[in-house]
Amino acid sequence: MTVTLNRRSFLAATGAALVIPFTVSGVAKATANPATLTAYLRIEPDGAVTIISPVSEMGQGTHTGHAAIIADELGVDIAHVRVTVAQQPGPAYRLRFGQMRSVGSFGIRAWIDPLRKSAAQARTVLTEAAAEQWGVDKAALTVENGAVVHAASGRRLPFERLIEDAAKRPLPEEPTLRAADTRRYVGKAVSRIDTAAKIDGSAEYGIDVKLPNMLHGAVRLSPVFGAEVDSIDPASAPGAVAVAQVPGGAVVVAESWWKAKQLADGLSIRWKPTPHDKMSSADLSKAMRAGLGVVSAPAAVSRGDAVARLNAADRVVEADYEVPFLTHVSMEPITCAAQVSDSRCDVWMSTQGHDVVLDALKKATGLAGESIYIHTTYLGGGFGRKTHGEVAEQAVIASRAVGGRPVKVVWSREDDVQQGQYRPVMTARMRASLGSNGRIAAMHARLSGPMMGKEYEHVTIRDNFDFFSHAVLGNQRYVAGDYRLDHHEVDVPPSTCPWRAVSSSQNGFFLEAFIDEVAQAAGQDPLAFRKAHLADHKSHMAVLEAVERRSGWGSPLPGPNWGRGVAIVESYGSRCAQVAEVEMVDGNPVVRRVFVAFDCGEAVNPGQVEAQMTGSVIDALGPALRCQITLKDGRSEQSNFDGYPILRIDEVPEIDVEIVNTGAPIGGVGEPGLPPTAPAVANAIFAATGKRRRKMPLETA
Amino acid sequence: MATNFRLNDTAVTSTVDDDTPLLWVLRDELGLTGTKYGCGIAQCGACTVLVDGAPAPSCSLPVNAVAGQTVQTIEGLSENRNHPVQLAWAEVDVPQCGYCQSGQIMTAVALLADTPQPSDEDIDAAMSGVLCRCGTYPRIRAAIKRAAALSREG
């Protein structure tokens, strides 16, 4: 074989930048070693700054935000900042629920204060080191472009000449932060620090990892959710280096992935029967809808006596809604490379669930956490799916099966679509009574479907409230008084999983589609009706008024088959209102324009906030219009993009985004743009047709 | 059977089974991982490369189909990210996760080679085969127009 390796592939083949801590040589060094000054910060011998981030970069732009925060507070050029992800979960990298995970739109809002403080601590000890070296008062010193500066004498010491001394100094508990007006990056639309690597093919994703002596693994997993292996005939995979049994199936290991995949497809394997071998979506829907009529179910929220008031009321609006399973289809499929010995385990992985992976690896290897290293690459999308750890376990089992050689397991797209871990199916019955003042007097939301939080060991469900099932409906702002949210639990065969705005997206659809129906029953304009109920909530009002203004709410639309719909959802500590303009063509909605107004408080990078809003709307439209996972014979009927048609460029509506800041505490960005889209489109369909569609996806309703 | 072709201006030989998809030859045998696997059935465009200048889904193209031909991947587009399409991509700050962007960029390069000043309809027609899960489509459209302007300005 004649292979010409260019420099880039040579570097990748010898160990990627994300794998081995990066150091730059060829610069005059004050010290030979980098200095790790805090849990989040390391200064390299050439003065470059490495952030040890608790968060993975999966497209949401968090690493650029972290770089901006650190660059401003430390006083360095953002071009000299690089970001890596911590290799071992620990208290410094865990969210308040005790897990290191890149979830919940926490990437900036949870870490801005710790990162800023960390940079201020580093700046303080660097400044103290310079003050001592020069024999001047540290108050006379400033930082600028990676150096401590003594303005009075014009002297300047770059950080790299101070790190040896600085690293010995105790970090101040409460360092002084720089004034906000010194910031060059935070609050401005800073270009992403990962753009360069993402336009020349050099960015390394999990699927790209290459290790010396590495083998490749393809999986063959049960098509029926949760079925266990009955028997495997390894002789049916001639030429395989190994056939390793894993939970639910096998990993076939070969010299190349393509070969492994061919052998996995041809593997003779049988699974044990399950109780749901014949289950279909219709069965599931029937079971869930039966739960809507059950007299009592455990309440997650109960204020006053909503049910009694509704039963006694003259004017009650009632409607049932349903949403299907949804999958993630991250462009990069599920993958992990592992190398394991008796004393150490390394995985290279595009993961957003570090503590989940760590737990899976501890169980799979029997090793203690300190012997396990998770090397995080870029993620080719995550959307919640890459919080799970089953592929890490598979890779470890495969590596063991070949004597500890590294094995990279890559799932095919079909594996990704068909192996469950879906956004939950759910049904809802919404009831509200109207008072004589035209406002909602009492409301009852009944959910019937799975309770996702019960699948997680780390989730504590208190008083029946499960964040993974009850967001948005749990803190709706329309009814301050009599309100009940309860949940009839229905077990489902596929595992459920975080999905961009999980529970906020289902419940946002239920609530905002229903509020539109109540407004209609009250004979009021749906936007005015919302404002009348949300008048005491400044941020809600600001985003509603912004979309009202920008969309020209109430103005004529281009044709009789057009309609406008509004929705507002508060999730992840932010408020997002949207107006969708829809044209009905041959009975189906075509979304022409979407207006977005968003308030997350301080926008650290407005350019990326805009990108997340635009991307969230486009993400939401696939499921709103037509994407779904349906079950037949206990398995998914869809297997690839042909059956799960997310939006293509020619279908994208015009999207208009306004970022509003009402001074609210900093909120999340990656997820809250998604929930309002589907209900805004559903409400626009009603405005165009006079008919409600209450089941997603809306195209086939 | 060995398959010879030109890859990014260099003669290469693949020695794996010659019905192996070009994608896996590029990624696993020749070590160029900029071209991505997304679906394996020519539905998503993440694996798009140029074969004799035309965009092709390398996941569904056996390597023997490119024998004697010229294949260009993202790694061969420029020495220093200075192809007009890359310059425009950087200026507009297109990528989010970035995984599909090699396929987007190679498809855009082919579009602009054929149609230096594309209309929105031209962009729709050429680019609708390449999925982006992050929804960077509006910026992709803006960047293609910017690349066209950069080429026009010379």
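Quick note on labels: first sequence line is chain A, next is B, and so on, each numbered from 1. The model shown is predicted, which means the values in this text are computed figures rather than measured ones.
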When rounded to the nearest 0.5 Å, the distance separating CZ of B/Arg81 from OG1 of A/Thr195 is 10.0 Å

Which answer fits B/Thr136, side chain, backbone, both or neither, if we ask what part of it has an atom under 4.5 Å from a heavy atom of chain A? neither

Name the region of A/Ile649, side chain, backbone, both or neither, that has any atom closer than 4.5 Å to a heavy atom of chain B. both

Taking A/Asp650 for the side chain and B/Ser128 for the main chain, is one N or O donor matched with an acceptor at less than 3.5 Å? no

Can you tell me how far the SG atom of B/Cys44 sits from the CD1 atom of A/Ile646, to the nearest 0.5 Å? 8.5 Å

Should B/Tyr37 and A/Arg413 count as side-chain neighbours, where that means a heavy-atom distance under 4.5 Å? yes

I need the residue from B/Ala2, B/Cys100, B/Gly135 with the largest number of non-hydrogen atom pairs under 4.5 Å to chain A. B/Gly135

Structural part of A/Asp416 lying under 4.5 Å from a heavy atom of chain B: neither

Hey, is B/Arg139 close enough to A/Glu610 for a salt bridge, meaning N to O under 4.0 Å? yes

Does any part of the side chain of B/Tyr99, heavy atoms only, come nearer than 4.5 Å to the side chain of A/Ile207, both counted from C-beta? yes

Minimum heavy-atom separation for B/Glu75 to A/Gly201, with atom names? OE2-O, 4.5 Å

Residue A/Met58 versus chain B: region with a heavy atom under 4.5 Å: backbone

Toward chain A, the part of B/Leu131 with a non-hydrogen atom under 4.5 Å: both

Pick from A/Pro333, A/Ala197, A/Ala189: which one has the most heavy-atom pairs with chain B under 4.5 Å? A/Pro333

Interatomic distance, A/Ser639 atom OG to B/Ile41 atom CD1 [nearest 0.5 angstrom]: 6.5 Å

Identify the heavy atoms of B/Arg27 and A/Lys210 that sit nearest to each other, and give their distance. O-CE, 4.0 Å

Below 4.5 Å from any heavy atom of chain A, which atoms of B/Val130 appear? Answer side chain, backbone, both or neither. backbone

Of all of A/Arg500, A/His328, A/Met214, which one pairs up most often with chain B through heavy atoms under 4.5 Å apart? A/His328

For each of B/Gly34, B/Gly98, B/Ala125, tally heavy-atom pairs with chain A at distances under 4.5 Å, and name the one with the top tally. B/Gly98

In terms of heavy-atom pairs under 4.5 Å with chain A, which of B/Gln101, B/Lys36, B/Met127 leads? B/Lys36

A/Ser330 versus chain B, the contacting section by heavy-atom distance below 4.5 Å: backbone

Does any part of the side chain of A/Gln612, heavy atoms only, come nearer than 4.5 Å to the side chain of B/Gln96, both counted from C-beta? yes

Out of A/Ser412, A/Ala203, A/Gly61, return the one with the most heavy atom pairs under 4.5 angstrom to chain B. A/Ser412

Nearest 0.5 Å, please: how far is CG in A/Asp200 from OG in B/Ser78? 7.5 Å

Using non-hydrogen atoms only, which part of A/Val329 is less than 4.5 Å away from chain B: side chain, backbone, both, or neither? both

Quick check with a 6.0 Å cut-off and a 45 degree axis cone: is A/Arg648 positioned over the face of B/Tyr137's six-membered ring? no

Side chain to side chain, A/Phe383 and B/Cys97, heavy atoms closer than 4.5 Å: no

Cut-off 4.5 Å, heavy atoms of chain A, and the answer for B/Ile140 is side chain

B/Thr33 side chain reached by A/Glu204 side chain, heavy atoms, under 4.5 Å: no

d(B/Thr35 OG1, A/Asp208 CG) to nearest 0.5 Å is 10.0 Å

Kindly indicate whether the side chain of A/Val652, heavy atoms from C-beta on, has any atom under 4.5 Å from the side chain of B/Pro138. yes

Find the distance between CG (B/Asp28) and OG (A/Ser256) and round it off to the nearest 0.5 Å. 6.0 Å

Is it the side chain or the backbone of A/Ala611 that comes within 4.5 Å of chain B heavy atoms, both, or neither? both

Residue A/Asn640 versus chain B: region with a heavy atom under 4.5 Å: side chain

Which portion of A/Ala196 sits near chain B, non-hydrogen atoms under 4.5 angstrom: both

